[in-house]
Each structure stands twice: as structure tokens, then as C-alpha cells.
**Q** 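Please see the structure below; I have some questions.
Both ligands and their constituent atoms are indexed starting at 1 by order of listing. As the structure is a computational prediction, the values presented were derived from the model and not from experiment.
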Amino acid sequence: MTTTTTRIAIVTGAARGIGAGVAKRLAADGLAVAVVDLDEAAGKPVVEEIERAGGRAVALGIDVSDERAVRAGVARIAQELGAPTVLVNNAGILRDNLLFKMTADDWDAVMNVHLRGSFLMSREVQKHQLEARWGRIVNLSSTSALGNRGQANYSAAKAGVQGFTKTLAIELGKFGVTVNAIAPGFIETEMTAATAERIGVPFEELKKAAAAEIPVARTGTPEDIAHAVSFFVSEGAGFVSGQVLYVAGGPKA
Ligand code: NAP
């Protein structure tokens, strides 16, 4: 029997939606997973599900936009699970509005979670990756990076995530660390359900309308994204770095 090192992964925003799907998939792949969300208790059901399936996980409350919380949280993960060498920057929020109605707070809140959060988490985790001379970072971008009405803040942040990804790939490559981004299209989660509610359309109707525009004729699921994350994190993907993979049921450019 061959023995392999158990990799330690951090997934942010993992209490629900895409993050929860990614956490469960990485645990099924054999990694120990830190289920990070704003509220520690919110991550517990995901941890219990992973444990019931025979995996290893802990739940932690970390606001990814808070520098001190990130530093303390990653240190706690290193202590409780081991040095984290896999990071999935997934935590996200929406504050959609047309430009003339968008407040500076709407702008700052989105930048703080998506961009500052990805930066703070990556800076903290790369210390462990450099020590291990191995690592994987996967950042969640979006098809909205290509432009989307009512999302000036979000699309700017998600385009920023792509530039951030490419730069980290260049800086960290020589240490055995790959950095890639996934840009999902329409995925069925509370985030898209909240959008349906905000615009006053039943979720099922919004999904049907979205599916009609998608070449594979359906909307996506957290498992669709988790599968792509699993590939980027895999040992065999070490020559794939600085890429943006659109997981949207059809081509995007
Ligand atoms: P979701 O269902 O809204 O889940 C996001 C999670 O992130 C929530 O559990 C939320 O916690 C957590 N979070 C928010 N702010 C945080 C912070 N400062 N620190 C730590 N955790 C925080 O979203 P999702 O649909 O799964 O989306 C996940 C990622 O994919 C996001 O980056 C999103 O932009 C991206 N994405 C989603 C879609 C889609 O169609 N769903 C498409 C493209 C890209 P609370 O519940 O406490 O707020």
C-alpha cells in the first residue's frame, strides 16, 4: 500500500452553495477541509455531512475581509488540521444596482469580500505553500467579469479576481504553487435565488429563462463547479496555472 500525504484545504464561504459543494467534493477526494464562513455555526452541518461520509473537516468563522481575523483563523487551521496548502477563495456577496443608484457602501462591500478577501487569504496561505513547496489556489470569478447590467461593482471585482489570479500564478509558480480561476455561469444557489427575489421573478422561472440561453440547456449546480475545482487542485494539474475556466454550459470569451 502506498502512503500519501493528506492535503489540507481551506474553502471560504463554504456554509452553503458552491462553497459547500466544493468542501464536500475536496473531502471526498481525500483532503481535510476547513469550512470557513462568516459564522462558525453555519458551517457545522457541512462538517457533519463530510464526517458522516468518512471525511475530516472543521468549521471556522472568519470574515475574509478582516485582516486580523484571517491571520488568526489560518493559524488556527494550521494548528487544528495541519498546514493548509490548498485554498479556494469562494466567499462572495452581491450588492447589485444600476450605477446611478449604487452607493459607495455597495461598491466597497463587494470589493472587500471578493478582492480584499481573496488577497488576505492568499497572502496568509502562501506562507504554508512556500514551506511545503506545493500548493493550489482556486479563485471564484464569474461570467459577470465580462460585463453585466446592474453589477458594476461585482463585475469589476470578478474581472479583478482574474488579474489577481494571473499575477499570483506568475509569482508563486516556482514554488510549486498553481493559481487558477473558475468563472461560473448561472448556478442554482441562494445567491441566484436572492437575485430572483430582488427582481420579483419566481426562481423556477428565472432558471428556465437562463437555461434557454445556455447551450447545454440547463442551469449549473454547485457540483458542476466542485468538479472543476477538484481538477485544478489535483496532483496531476501542476502544469496548469494562471487560467480562467468558464464553467457556464457553453463558450464565453
Ligand atoms: P452564496 O450561496 O451566497 O454563498 C456565499 C457564502 O459566502 C455564504 O455562506 C456567505 O455567508 C459567505 N460569505 C459572505 N461574505 C463573507 C465573508 N466576508 N467572509 C466569509 N464568508 C462570507 O453564494 P454562491 O452562489 O455559492 O457563490 C459562491 C461564489 O461563486 C461567490 O464568489 C460568487 O460570486 C461566485 N459565483 C456564483 C455564481 C452563481 O450563479 N451562484 C455565478 C458566478 C460566480 P453568509 O450566509 O453569512 O452571508
**Q** For S141, which part has a heavy atom under 4.0 Å from ligand 1: side chain, backbone, both, or neither?
**A** backbone

**Q** Ligand 1 versus K158, non-hydrogen atoms closer than 4.0 Å: side chain, backbone, both, neither?
**A** side chain

**Q** Who's the nearest protein heavy-atom neighbour of atom 18 (N) of ligand 1, and how far?
**A** D63 OD1, 2.9 Å

**Q** Find all atoms of ligand 1 within a distance of less than 4.0 Å from any non-hydrogen atom belonging to Y154, and give their numbers and elements.
**A** 33 (C), 34 (O), 35 (C), 36 (N), 43 (C), 44 (C)

**Q** Under the ring-ring contact (aromatic ring centres under 6.0 Å, His included) definition, can you give me all pairs with a residue in residues 134-180, not counting sequence neighbours?
**A** H114-Y154

**Q** Could you say whether the N/O atoms of V64 and ligand 1 ever approach to under 3.5 Å?
**A** yes

**Q** List the closest protein heavy-atom neighbour of atom 41 (N) of ligand 1: residue, atom name, distance to the nearest 0.1 Å.
**A** T189 OG1, 3.2 Å

**Q** Short N/O distance, under 3.5 Å, between R16 and ligand 1?
**A** yes

**Q** Any N or O on T192 sitting closer than 3.5 Å to an N or O of ligand 1?
**A** no

**Q** My understanding is that we take every heavy atom of each candidate and find the minimum distance to atom 47 (O) of ligand 1. Doing that for I93, V247, L38, V35, which one comes out nearest?
**A** L38

**Q** Would you please determine whether H114 falls within less than 4.0 Å of ligand 1 on a heavy-atom basis?
**A** yes

**Q** Is the shortest side-chain N to carboxylate O distance from E204 to K207 below 4.0 Å?
**A** yes

**Q** Looking at E67 and R71, is there a salt bridge between them, counting it only when a charged N and a carboxylate O are closer than 4.0 Å?
**A** yes

**Q** Does the distance from a Lys or Arg side-chain N to an Asp or Glu carboxylate O, for E223 and K24, drop under 4.0 Å?
**A** no

**Q** Salt-bridged, E40 to R76, with N to O below 4.0 Å?
**A** yes

**Q** Starting from atom 7 (O) of ligand 1, what is the nearest protein heavy atom, named by residue and atom, and what distance separates them?
**A** G13 CA, 3.3 Å

**Q** Looking only at the side chains, is there a donor atom on one of S141 and Q162 sitting less than 3.5 Å from an acceptor on the other?
**A** yes

**Q** Verify whether one side chain among N90 and T12 offers a donor that lies under 3.5 Å from an acceptor in the other.
**A** no

**Q** For atom 5 (C) of ligand 1, what is the closest protein heavy atom, and at what distance to 0.1 Å?
**A** G92 O, 3.7 Å

**Q** Quick one: which of L140, I62, V36, T12 has a heavy atom closest to atom 20 (C) of ligand 1?
**A** I62

**Q** Do N89 and N139 meet the criterion of a side-chain donor-acceptor pair at a distance under 3.5 Å?
**A** yes

**Q** May I ask you to identify the nearest protein heavy atom to atom 42 (C) of ligand 1, giving residue, atom name and distance to one decimal place in Å?
**A** G185 O, 3.1 Å

**Q** What atoms in ligand 1 come closer than 4.0 Å to a heavy atom of G17?
**A** 26 (O)

**Q** Geometry only, no angles: is D37 polar-contacting ligand 1 at N/O separations under 3.5 Å?
**A** yes

**Q** Can S65 and D63 be counted as having a side-chain donor-acceptor contact under 3.5 angstrom?
**A** yes

**Q** Counting heavy atoms only, name the option from N90, V113, V46 that's nearest to atom 28 (C) of ligand 1.
**A** N90

**Q** Please determine if R149 and D96 form a salt bridge, counting it only when a charged side-chain N lies under 4.0 Å from a carboxylate O.
**A** no

**Q** Any salt bridge between E131 and K127, counting N to O under 4.0 Å?
**A** no

**Q** Going by distance only, is there an N or O of I187 that falls short of 3.5 Å from an N or O of ligand 1?
**A** yes

**Q** Name the closest protein heavy atom to atom 27 (O) of ligand 1, giving the residue it belongs to and the distance to 0.1 Å.
**A** I18 CD1, 3.9 Å

**Q** Under a single-linkage definition using a 4.5 Å side-chain heavy-atom cutoff for Ile, Leu, Val, Met, Phe, Trp and Tyr, are V138 and L168 assigned to the same hydrophobic cluster?
**A** no

